[in-house]
Amino acid sequence: MRHRDQQSRASRRNQSEASYDEASRARYRVRASRPGGTGEGGSDHGLTLSRRVFVGLMGVMAARLAWLQIIDAPNLAAGAREQTTNKVTLHAKRGTIYDRNGNALAVSVECQTIYANPKEVSDPSGVSNILMDLLGGEKDDYMDLLTQDTTFIYIERQVDQEIADRISDRLRSAGLVGVYFLSDMKRVYPYGNVGSQIVGFVGVDGEGLSGLELYYDDVLTGVDGEMLFETGRDGTPVAGGATEVIEAVDGTDLVLGLDVDIQENAERIIEEAVKTYSATSGSIMISDPRTGEIIAACSTPLADLSNLTDYEALNLKLVSSTREPGSIFKVITTSIGIENGLFDKDTVYYVPARVLVGSHYVTDVDYRSHDMEMSVTEMMRRSSNTAMAMLAQDVIGAEAFSEGIARFGIGQKTGIDFPGEVEGLVRTPDEYDGATLGSMGFGQGLAFPMVQIVRAYGAVANGGKLLTPHFVTHRGEEEVKWPKGKTVISEDTREQEIEMMRIVMTEGTGTNANVDGYEFVGKTGTGEQAAETGGYLENSFVSSVCGFANADDPQILVYVGLDGTPYHSSESSAHAFHDIAQQACTILGIQPSTNVSGE
């Protein structure tokens with residue numbers, strides 16, 4: 001019995017131990033079957049997958065670090081610099097523009113540009129009060145600027161140095177911060193509006209917008225520099241922070257042939273003439289026919305630097321607008337005939353009272369009803385339209401006439417150093433109709449800017465050379481060499497033409513233009529003004545005079561034109577010519593002519 005009990009206990013113990021071992025083995029098999037498990041029922045597949053995932057993650061991290069540290073490092077560094085630096089442009093000083101006597105017509109002066117960091121401005125109201133007091137304007141406008149969510153805002157650009165200093169002192173005394181000052185350049189015109197149509201003006205960023213400021217912008221403009229300074233995250237400059245400065249290179253100075261005193265007189269005289277003779281506009285150009293230098297030039301309306309929205313006033317009509325020249329063109333017509341050996345100043349023709357030009361008859365302004373004999377000189381003295389139409393049609397002919405006006409540069413740009421030059425409207429021989437040749441003979445049927453007349457008359461004055469009209473004589477210390485065109489007339493033709501022009505001024509239509517003591521030779525013109533709808537306006541003329549002095553040694557050439565006046569040139573533009581020519585001769589110190597001593 002006892003033996004059976006022992007056997008029973010042993011059997012139960014063995015069963016219990018067997019059950020425990022089996023449970024352990026079962027749990028082991030479960031663990032072994034999991035990813036990465038080993039032993040019976042498992043494999044090394046799970047461990048391999050985990051390792052691969054780990055290694056892959058490490059590879060991605062390494063690649064990202066390599067990209068950031070090697071490939072993208074410059075971009076990141078630049079971005080960091082942009083966040084911690086500010087760049088400010090250091091404006092180059094624009095070249096000064098001088099007249100022929102060294103008077104500064106346009107100069108750049110130091111000034112201050114005022115800006116602010118709104119995040120630093122703790123008292124926008126106090127700052128606004130000071131700015132409003134010294135800069136003008138409305139307080140609300142300054143408040144809007146000073147409360148913006150930014151670290152940089154312009155307050156006012158190109159503030160006079162004195163005003164900027166006063167603002168700085170008051171801000172400092174009041175303990176107000178956040179407003180800064182930057183050295184800048186400002187364009188100043190010492191003579192105000194005098195010559196402003198020629199000199200032009202610049203914009204707030206210093207770029208030329210009209211006149212010579214525009215034409216020579218690349219010469220006058222220097223190379224801007226820049227200043228880089230370190231800032232905090234909020235954009236505040238760091239005291240003692242690193243600063244890099246690239247110095248600006250100043251622009252080149254220009255010297256003009258312009259005389260500011262003659263220019264001022266020319267502007268005054270032409271404005272008075274426009275009012276006196278009920279003209280729509282007027283123009284004056286004075287040059288040295290020996291060089292092509294322009295001494296004065298203007299056209300109305302004149303430019304006003306306080307009102308730069310009047311774009312018409314910014315144009316020099318002598319360069320940019322076309323006109324029918326009228327009788328001043330007769331100098332070119334007769335020069336063509338004499339140069340081609342077709343007649344001379346003493347050749348006499350039988351001139352009818354009227355000449356058929358196309359389908360219309362041309363008559364003279366004196367309305368003569370009878371035919372008469374005239375020398376070419378008499379034709380010029382009387383300014384006979386019928387005679388010039390006859391010479392062009394019956395003596396010179398289309399081919400020689402067309403070649404002649406092309407040789408004088410009519411219908412071609414002169415190359416003047418001023419923006420907006422146009423060529424004009426001059427027909428070629430294959431475009432001639434029945435009226436073209438006869439009309440052009442006395443200055444109608446073609447239109448071009450009057451700077452071309454100035455150049456053509458200059459050739460008669462200087463011995464036959466077509467010179468380039470120009471304003472600039474020196475760039476910095478260097479004299480500008482302007483091109484000289486070919487000789488367009490011989491000395492013999494020139495002498496004959498001058499003799500006829502002398503008669504015009506002493507006995508003909510130009511007597512009111514004469515200046516006592518000087519021998520001016522020239523030609524008047526009273527051309528009908530073309531209507532926009534075709535034909536010509538009634539009692540509306542382009543009245544002009546162009547001439548030079550002294551005849552034996554020309555040193556000055558003057559053109560005066562009045563548009564849309566009801567007066568003939570002898571009673572309008574001739575008077576303006578006399579006034580400006582007299583003053584210009586005196587200012588330039590031109591000696592009177594011995595040929596007219598005692599007058």
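This one's a predicted model, so the numbers in the text were calculated from it and none came from an experiment.
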Worksheet item: In Å and rounded to the nearest 0.5 Å, what is the CG to CD1 distance from Asn265 to Ile286?
Response: 8.5 Å
Worksheet item: Are Glu213 and Ile97 side-chain neighbours, meaning at least one heavy-atom pair lies under 4.5 Å?
Response: yes
Worksheet item: Would you say Glu421 and Ser320 make side-chain contact, with heavy atoms under 4.5 Å?
Response: no
Worksheet item: So, Asp160 side chain and Glu162 main chain: donor-acceptor pair closer than 3.5 Å or not?
Response: no
Worksheet item: Does Arg157 make a cation-pi contact with Tyr154 (under 6.0 Å, within 45 degrees of the axis)?
Response: yes
Discussion item. Minimum heavy-atom separation for Ile295 and Ser287, please, with both atom names.
Written reply: CD1-C, 3.9 Å
Practice prompt. Would you mind checking if Arg172 and Asp169 are paired as a salt bridge, meaning a charged N to carboxylate O distance below 4.0 Å?
Written response: yes
Discussion item. Rounded at 0.5 Å granularity, tell me how far CG in Leu446 sits from CZ in Phe448.
Written reply: 5.0 Å
Worksheet item: Can you name the nearest heavy-atom pair linking Val515 to Ala581, along with the distance?
Response: CG2-CB, 3.9 Å
Worksheet item: Do the side chain of Asp99 and the main chain of Asn103 share a donor and acceptor less than 3.5 angstrom apart?
Response: yes
Discussion item. Could you tell me if Thr524 and Thr509 have a donor-acceptor pair between their side chains, going purely by distance under 3.5 Å?
Written reply: yes
Item to complete: Provide the closest heavy-atom pair for Ile453 versus Phe329 in the form atom of the first, atom of the second, distance.
Response: CD1-CD1, 4.5 Å
Worksheet item: Going by an N to O cut-off under 4.0 Å, is there a salt bridge joining Arg268 and Glu272?
Response: yes
Item to complete: Can you measure from CG (Leu171) to OH (Tyr180) and round to the nearest 0.5 angstrom?
Response: 11.5 Å
Discussion item. If we count only N and O atoms by modelled type, under 3.5 Å, do the side chains of Thr309 and Asn307 hold a donor and an acceptor together?
Written reply: yes
Worksheet item: Quick one: CE on Met285 to CD1 on Ile270, what's the gap to the nearest 0.5 Å?
Response: 12.5 Å
Worksheet item: Hey, does the side chain of Lys317 reach the backbone of Thr300 with a donor-acceptor pair shorter than 3.5 angstrom?
Response: yes
Response to the item:
Here the gap from Ile198 atom CD1 to Leu314 atom CG, rounded to the nearest 0.5 Å, amounts to 11.0 Å
Fill in: Backbone N/O of Ile328 and side chain of Tyr457: donor-acceptor pair under 3.5 Å
yes
Practice prompt. Please check if the side chain of Asn550 supplies one atom and the backbone of Gln591 the other of a donor-acceptor pair under 3.5 Å.
Written response: yes
Worksheet item: Closest heavy-atom contact between Pro325 and Ser544?
Response: O-OG, 4.0 Å
Worksheet item: Under 3.5 Å, is there a donor-acceptor pair between the side chain of Gln452 and the main chain of Glu423?
Response: yes
Fill in: Backbone of Gly178 reached by a side-chain donor or acceptor of Asn117 within 3.5 Å
no
Fill in: For His470, the option from Trp482, Phe418, Tyr215 that meets ring pair (Phe, Tyr, Trp, His ring centres under 6.0 Å)
Trp482
Practice prompt. List the steps, then state whether side chain to side chain contact (heavy atoms under 4.5 Å, CB included) holds for Ile114 with Val179.
Written response: CA-CA 7 Å; Ile114 304 175; Val179 177; 3.6 Å; yes
Discussion item. Strictly distance-based, threshold 3.5 Å: is any side-chain N or O of Thr586 a donor or acceptor partner for the main-chain N or O of Gln582?
Written reply: yes
Item to complete: Indicate yes or no: at least one non-hydrogen side-chain atom of Ser569 is less than 4.5 angstrom from one of Thr526.
Response: yes
Worksheet item: Are Arg475 and Leu254 side-chain neighbours, meaning at least one heavy-atom pair lies under 4.5 Å?
Response: yes
Worksheet, complete the sentence: OH (Tyr191) and CG (Leu305) are apart, to the nearest 0.5 Å, by 15.0 Å
Item to complete: Spell out, as yes or no, whether a donor-acceptor pair under 3.5 Å connects the side chain of Ser196 to the backbone of Asn193.
Response: yes
Practice prompt. Provide the closest heavy-atom pair for Arg100 versus Asp259 in the form atom of the first, atom of the second, distance.
Written response: CD-CB, 3.7 Å
Worksheet item: Looking at Arg170 and Asp133, does any basic side-chain N land under 4.0 Å from a carboxylate oxygen?
Response: yes
Discussion item. Tell me if the centroids of the rings in Phe520 and Phe548 come within less than 6.0 Å of each other.
Written reply: no
Worksheet entry | Nearest non-hydrogen partners of Ala104 and Pro190, listed with the distance | O-CG, 3.3 Å
Worksheet item: Would you say the side-chain atoms of Gln161 and Asp165 include a donor-acceptor pair closer than 3.5 Å?
Response: yes
Practice prompt. Could you please spell out the steps behind the side chain to side chain contact (heavy atoms under 4.5 Å, CB included) verdict for Phe181 and Ile167?
Written response: CA-CA 10 Å; Phe181 299 82; Ile167 293 173; 3.8 Å; yes
Discussion item. I'd like to know whether Val545 forms a side chain to side chain contact (heavy atoms under 4.5 Å, CB included) with Lys523, so could you lay out the CA-CA distance, the side-chain angles of the two residues, the decisive distance to 0.1 Å, and finally the verdict.
Written reply: CA-CA 6 Å; Val545 181; Lys523 184 70 183 74; over 6 Å; no
Item to complete: Could you tell me whether a side-chain N or O of Gln158 sits under 3.5 Å from a main-chain N or O of Asp184, the two making a donor and an acceptor?
Response: no
Discussion item. Assess whether a salt bridge exists between Lys93 and Asp253, defined as any Lys/Arg side-chain N lying under 4.0 Å from an Asp/Glu carboxylate O.
Written reply: no
Worksheet item: Does the separation of the ring centres of Tyr277 and Tyr567 fall below 6.0 angstrom?
Response: yes
